Amino acid sequence: METPKTILKAHCNICGGKRNHEQLKLIEKRWSDGNKYYEIDGGDLYILLECMGCESVKVLHESWFSEETDEEGYPITTVRYYPSSIFRPKPNWLWLLDKEWHVTKLLNEIYQALQNDAPSLAAMGVRAVIEAIMIDKVGDHGSFVANLKEFQNKGYISSLQLGILEVALEMGHATIHRAFVPKVEQLEVALDTLESLIHALYLLEDQAKHHAKFIPKRDVQPFSQADD
């Protein structure tokens with residue numbers, strides 16, 4: 001008789017979101033240390049999982065330590081995935097950018113920071129990329145404020161976009177100078193702003209010009225003069 005499959009719900013980086021995973025292998029390790037007066041113990045559980053959709057494989061690691069407990073005295077279980085669960089997938093146009101371009105490298109580091117639960121680093125990265133884009137487009141005018149003003153004066157952003165961009169920039173400033181740790185939803189807004197800016201300034205214009213070549217031209221008929 002065939003052994004029934006053990007199915008677990010887990011985040012899938014390929015499919016996106018919670019998906020059914022088959023448990024391929026389970027290994028449990030327990031340990032203890034101490035003497036007759038005091039003893040501590042803990043444990044690790046490793047589960048090899050395969051997504052039942054895309055068939056990608058990952059490891060679920062659950063660990064606990066007797067000295068780390070909740071309010072009722074029960075050990076707190078820490079859950080990690082390898083590779084780590086992706087907080088936000090990279091945009092599908094990222095591969096169109098030069099991988100050696102410093103902005104592309106910074107973007108990839110931002111996504112890595114998000115994947116490894118480092119929101120402060122991600123926020124500082126967003127600020128760094130925005131500054132790099134402004135200098136690339138209008139040059140360095142000596143200060144962040146002057147660069148931002150010239151960036152708008154040159155028409156790269158509208159008044160509405162300026163307000164949105166300032167929010168993303170202020171989040172980076174607060175992280176660097178005021179020990180601010182951004183929340184997930186705040187990072188989402190900042191990344192939406194950054195990704196749309198890069199897409200519009202470096203990719204969308206060329207893509208629009210390319211596709212415009214294949215759009216049929218409208219026939220313009222000259223106005224005819226009515227008979228008197």
Side-chain angles (χ1 to χ4, degrees), residues 9-19 21 44 46 49 51 54 56-63 68 76-137 140 144-145 147-148 151 156-157 161-204:
K9 283 281 189 182
H11 179 86
C12 178
N13 287 341
I14 306 300
C15 298
K18 293 278 188 178
R19 296 291 186 272
H21 285 68
D44 294 278
Y46 300 91
L49 298 173
C51 178
C54 66
S56 61
V57 176
K58 68 193 315 175
V59 174
L60 167 61
H61 175 210
E62 296 184 356
S63 62
E68 297 177 350
I76 298 172
T77 299
T78 301
V79 178
R80 298 183 178 88
Y81 287 99
Y82 304 96
S84 302
S85 296
I86 295 176
F87 161 78
R88 178 190 178 102
K90 298 179 182 179
N92 55 15
W93 45 257
L94 186 62
W95 67 273
L96 294 171
L97 300 176
D98 181 1
K99 65 180 181 179
E100 297 301 322
W101 186 31
H102 64 288
V103 167
T104 309
K105 292 180 179 179
L106 284 172
L107 270 177
N108 281 313
E109 290 183 11
I110 290 171
Y111 300 124
Q112 290 172 13
L114 292 171
Q115 189 173 349
N116 289 281
D117 194 26
S120 297
L121 288 176
M124 289 185 278
V126 169
R127 179 190 180 279
V129 174
I130 293 174
E131 184 170 18
I133 291 171
M134 291 192 298
I135 292 175
D136 180 55
K137 291 297 184 181
D140 192 349
F144 206 93
V145 174
N147 289 341
L148 185 58
F151 196 58
Y156 289 109
I157 53 173
Q161 290 171 315
L162 175 64
I164 298 172
L165 196 60
E166 285 178 333
V167 173
L169 290 170
E170 185 59 26
M171 184 179 68
H173 295 326
T175 303
I176 296 170
H177 301 293
R178 299 190 290 277
F180 174 69
V181 179
K183 297 179 180 179
V184 169
E185 55 268 25
Q186 292 169 323
L187 283 170
E188 286 275 14
V189 172
L191 281 167
D192 285 342
T193 303
L194 178 60
E195 289 175 357
S196 63
L197 187 66
I198 293 173
H199 189 229
L201 294 183
Y202 294 98
L203 295 173
L204 200 56

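Excluded from the calculations below are hydrogen atoms, water molecules and symmetry mates; all remaining heavy atoms, backbone and side chain alike, are included. Everything numeric in this text was worked out from a predicted model, so none of it was measured.
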Quiz prompt | Sidechain-backbone polar pair: N116 side chain, A118 backbone, donor-acceptor under 3.5 Å | solution = no
Quiz item: How about P91 and Y111: do any of their side-chain heavy atoms sit closer than 4.5 Å?
Solution: yes
Quiz item: Which distance, rounded to the nearest 0.5 Å, do you find between the CD1 of I110 and the CE of M124?
Solution: 11.0 Å
Exercise. Hey, could you give me the SG/NE2 distance between C51 and H21, rounded to the nearest 0.5 Å?
Key: 4.5 Å
Quiz item: Is a donor on one side and an acceptor on the other found under 3.5 Å between the side chain of T175 and the backbone of M171?
Solution: yes
Quiz item: Would you call E62 and R80 a salt bridge, using N to O less than 4.0 angstrom?
Solution: no
Self-check item: Any donor-acceptor pair under 3.5 Å from D140 side chain to N147 backbone
Solution: no
Quiz item: Any side-chain heavy atom of E166 sitting closer than 4.5 Å to one from L162?
Solution: yes
Exercise. Check I14 against C54 and note the closest heavy-atom contact, atom names and distance.
Key: CB-SG, 3.6 Å
Practice problem: Evaluate side chain to side chain contact (heavy atoms under 4.5 Å, CB included) for L94 paired with I198, printing each intermediate quantity in order. | Solution: CA-CA 10 Å; L94 186 62; I198 293 173; over 6 Å; no
Quiz prompt | Cationic tip of K58 above Y81 ring, under 6.0 Å, 45° of axis | solution = yes
Quiz prompt | Worked check of side chain to side chain contact (heavy atoms under 4.5 Å, CB included) between I130 and L148 | solution = CA-CA 9 Å; I130 293 174; L148 185 58; 5.8 Å; no
Quiz prompt | Nearest-0.5 Å distance that lies between atom OG in S56 and atom CG in L49 | solution = 9.5 Å
Quiz prompt | From T104 atom OG1 to E109 atom CD, the distance as rounded to the nearest 0.5 Å | solution = 11.5 Å
Quiz item: Between E170 and R127, is there a side-chain N and carboxylate O pair less than 4.0 Å apart?
Solution: no
Quiz prompt | Flag, side chain of E68 to backbone of I76, donor-acceptor distance under 3.5 Å | solution = no
Quiz item: Which is it for L197 and I157 under the side chain to side chain contact (heavy atoms under 4.5 Å, CB included) test, yes or no, and what are the steps along the way?
Solution: CA-CA 9 Å; L197 187 66; I157 53 173; 3.9 Å; yes
Self-check item: From CD (Q112) to OG (S84), nearest 0.5 Å
Solution: 10.5 Å
Quiz item: Between OG of S85 and NZ of K18, what distance do you get to the nearest 0.5 Å?
Solution: 7.5 Å
Quiz item: Relative to the ring of F151, is the ring of Y156 parallel (under 30°), tilted (30 to 60°) or perpendicular (over 60°)?
Solution: parallel
Exercise. Could you tell me if the ring centre of W93 sits under 6.0 Å from that of Y202?
Key: no
Quiz item: Going by atom types alone, do K90 and N108 pair a side-chain donor with an acceptor below 3.5 Å?
Solution: yes
Practice problem: Check step by step if side chain to side chain contact (heavy atoms under 4.5 Å, CB included) holds for T193 and V167. | Solution: CA-CA 9 Å; T193 303; V167 173; over 6 Å; no
Quiz item: Taking the six-membered ring for Trp, are H173 and F144 ring centroids under 6.0 Å apart?
Solution: yes
Self-check item: Side-chain heavy-atom pair H61, V79 within 4.5 angstrom cut-off
Solution: no
Practice problem: Please examine the side chains of L107 and L194, heavy atoms only from C-beta on, and report whether any two atoms are closer than 4.5 Å. | Solution: yes
Quiz item: What is the minimum heavy-atom distance between S63 and D44, and which atoms define it?
Solution: CB-OD1, 3.3 Å
Practice problem: Determine the minimum heavy-atom distance between A122 and A113, stating which atoms define it. | Solution: N-CB, 4.0 Å
Practice problem: Indicate yes or no for a side-chain donor-acceptor contact from D136 to the backbone of A132 under 3.5 Å, with no hydrogens or angles considered. | Solution: no
